[in-house]
Amino acid sequence: MGKSSKDKRDIYYRRAKEEGWRARSAFKLLQLNEEFQIFKGVKRVVDLCAAPGSWSQVLSRELFQNQKQEDAKIVAVDLQPMTPIDGVTCIQADITHPKTLHKILDTFGGEPADFVCSDGAPDVTGLHDLDEYIQAQLILSALQLTTCILKPGGTFVAKIFRGRDIDLLYSQLSYLFERVVCAKPRSSRGTSLEAFIVCLGYKPSKNWEPKLELNKSTEEFFEGAGIGKSDNLEHLDFPVDEGRTIGTFLATGDLNDVDSDATYRPGKERELVPVQMPTAPPYKKALEMKRRGDLVRR
Ligand SMILES: C[S@@+](CC[C@H](N)C(=O)[O-])C[C@H]1O[C@@H](n2cnc3c(N)ncnc32)[C@H](O)[C@@H]1O
């Protein structure tokens with residue numbers, strides 16, 4: 001979050017700066033927790049695609065300060081480097097690579113996680129179909145990693161974009177979790193397709209042992225997971241019609257709370273300093289190239 005931005009009248013952007021969160025996304029996780037109590041009884045947490053770290057800040061505050069769990073463990077993973085956060089182990093790695101799973105497991109001493117979240121978003125290309133495809137692949141990678149590390153009964157939360165084929169993902173998730181809800185926190189702009197899948201009660205198929213390997217396809221990975229088997233869906237409280245799943249959609253948050261799409265005049269016109277300076281901003285390389293005279297207009 002820089003010094004100035006065209007977003008400065010966005011109430012959540014200002015609130016994040018005032019309250020010391022590195023990004024406005026912090027409110028999305030806080031509001032999801034208000035609805036689903038996802039932090040309850042949680043000791044080992046994985047925050048995938050975590051930079052700059054506002055979700056990890058929320059988790060650190062919740063587990064160490066509010067719940068006073070000294071032995072809690074939080075692992076944050078991102079392609080980008082992250083400035084340290086109290087009690088959080090930061091791993092700079094790609095969540096789509098199998099090695100990353102082993103790095104996380106090492107931090108937990110081989111114990112499973114209680115909660116995995118992913119707020120991942122790839123750099124957008126502007127080609128809508130391609131962006132949607134890459135985002136879907138990132139969610140699948142997060143899910144594969146999650147199935148290898150989450151304890152039965154655990155929770156998985158991930159950012160999604162509600163594109164055309166999203167019901168396929170709901171169907172697949174419904175075979176793996178007791179309850180799957182698509183939630184839209186109030187701090188997520190109504191004008192954006194962004195939403196979050198909240199998957200509660202992980203229930204892997206009995207004889208399935210998920211294994212992440214470099215040259216394994218997604219299909220091969222989920223072989224044996226029982227996806228597509230009707231007896232795995234008996235618990236569902238929403239209709240499955242000819243293979244299409246109509247997921248539950250829930251707008252979360254207090255209707256009286258501030259609206260992320262509205263413009264608010266700040267009480268006092270004052271400039272707030274950034275909570276955390278960018279660690280590896282993409283413009284750094286461009287500035288270096290400009291200094292060297294390598295940045296030429298063609
Ligand atoms: C919207 S940001 C996450 C914000 C974060 N939840 C917070 O609260 O500060 C999305 C992040 O996804 C990361 N990302 C995208 N693809 C990734 C990958 N394959 N492996 C790890 N991180 C990835 C990006 O580097 C970026 O930092």
Side-chain angles (χ1 to χ4, degrees), residues 1-2 5 7 10 12-13 15-17 19-33 38-39 45-63 74-86 88-104 115-125 130-146 148-149 156-161 183 185 187-189 192-198 212 214 218 260 274-285:
M1 276 195 183
S5 150
D7 273 352
D10 169 344
Y12 286 105
Y13 173 86
R15 267 195 188 173
K17 273 187 155 187
E19 294 176 23
W21 304 116
R22 292 181 185 181
R24 68 193 288 293
S25 330
F27 296 107
K28 299 175 192 167
L29 189 60
L30 286 165
Q31 289 170 350
L32 288 172
N33 182 52
I38 44 185
F39 302 150
V45 181
V46 186
D47 181 9
L48 298 173
C49 303
S54 77
W55 280 24
S56 289
Q57 283 181 294
V58 168
L59 292 162
S60 165
R61 210 176 277 191
E62 175 63 28
L63 267 56
I74 304 169
V75 181
V77 185
D78 202 286
L79 287 172
Q80 305 293 331
M82 264 174 70
T83 306
I85 297 169
D86 278 348
V88 178
T89 306
C90 299
I91 300 176
Q92 190 177 355
D94 185 345
I95 69 155
T96 66
H97 200 289
K99 268 190 191 164
T100 304
L101 169 69
H102 300 293
K103 289 183 188 165
I104 301 170
F115 174 46
V116 181
C117 54
S118 172
D119 191 23
D123 287 341
V124 286
T125 64
L130 181 63
D131 290 338
E132 214 175 289
Y133 174 77
I134 300 173
Q135 173 68 17
Q137 291 306 306
L138 199 61
I139 297 166
L140 270 184
S141 292
L143 177 64
Q144 283 177 281
L145 199 145
T146 300
C148 295
I149 203 168
F156 173 57
V157 169
K159 182 181 19 222
I160 55 162
F161 290 102
S187 50
S188 172
R189 292 191 180 100
S192 136
L193 284 179
E194 177 191 79
F196 293 85
I197 35 163
V198 180
L212 266 186
L214 206 51
T218 311
S260 52
V275 173
Q276 179 63 58
M277 293 307 283
T279 36
Y283 54 77
K284 207 167 157 187
K285 189 171 168 199

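What you are looking at is a predicted structure, and each value in this text was computed from that prediction instead of being measured. As the structure lists them, so they are numbered: ligands from 1, and atoms in each ligand from 1.
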Write down the atom of [X], the atom of [Y], and the distance for their closest heavy-atom approach.
X: Cys49; Y: Asp78; result: C-OD2, 3.1 Å
X: Val88; Y: Ala76; result: CG1-CB, 3.7 Å
X: Pro185; Y: Phe196; result: CD-CD1, 3.7 Å

If the cut-off is 4.0 Å to any non-hydrogen atom of [X], which atoms of ligand 1 fall inside it?
X: Ala93; answer: 20 (N), 21 (C)
X: Gly53; answer: 7 (C), 9 (O)
X: Pro52; answer: 9 (O)
X: Ser25; answer: 8 (O)
X: Asp94; answer: 18 (C), 19 (N), 20 (N)

*asked:* Given Ser54, Ala23, Cys49, identify the one with the heavy atom nearest to atom 12 (O) of ligand 1.
replied: Cys49

Could you identify the single nearest non-hydrogen protein atom to [atom] and state the distance to 0.1 Å?
atom: atom 4 (C) of ligand 1; value: Ala51 O, 3.1 Å
atom: atom 20 (N) of ligand 1; value: Ile95 N, 3.0 Å
atom: atom 17 (C) of ligand 1; value: Leu79 CD1, 3.5 Å
atom: atom 6 (N) of ligand 1; value: Asp119 OD2, 2.8 Å
atom: atom 27 (O) of ligand 1; value: Asp78 OD2, 2.9 Å
atom: atom 15 (C) of ligand 1; value: Ala121 O, 3.4 Å

*Return yes if some donor-acceptor pair links the side-chain N/O of Thr89 with the main-chain N/O of Val75 below 3.5 Å, else return no.*
no

*Can you tell me if Gln57 uses its side chain to pair, donor with acceptor, with the backbone of Ala23 under 3.5 Å?*
no

_Ile104 and Leu145, any side-chain heavy atoms less than 4.5 Å apart_ = yes

*So, do Gln31 and Ser188 sit near enough that their side-chain heavy atoms are less than 4.5 Å apart?*
no

_Contact partition for Ala50 relative to ligand 1, non-hydrogen atoms under 4.0 Å_ = backbone

*Of the side chain and backbone of Val77, name the one, both, or neither that has a heavy atom under 4.0 Å from an atom of ligand 1.*
neither

*Take the angle between the ring planes of Trp21 and Phe27 and call it parallel below 30°, perpendicular above 60°, tilted in between.*
perpendicular

*Report yes or no: do Asp86 and Ser60 form a side-chain donor-acceptor pair below 3.5 Å?*
no

So for ligand 1, is [X] a polar contact partner (N or O within less than 3.5 Å, distance only)?
X: Leu138; result: no
X: Gly120; result: no
X: Ala26; result: no
X: Asp47; result: no

*For Ile160 and Gln135, run side chain to side chain contact (heavy atoms under 4.5 Å, CB included): C-alpha distance rounded to whole Å, both residues' side-chain angles, the deciding distance at 0.1 Å, then the answer.*
CA-CA 8 Å; Ile160 55 162; Gln135 173 68 17; 5.6 Å; no

*Contact with ligand 1 for Gln80, non-hydrogen, under 4.0 angstrom*: yes

*Hey, are Arg189 and Glu194 close enough for a salt bridge, meaning a charged N less than 4.0 Å from a carboxylate O?*
no

*Kindly indicate, with the supporting measurements, whether the criterion side chain to side chain contact (heavy atoms under 4.5 Å, CB included) is fulfilled by Ile95 and Leu138.*
CA-CA 8 Å; Ile95 69 155; Leu138 199 61; 4.0 Å; yes

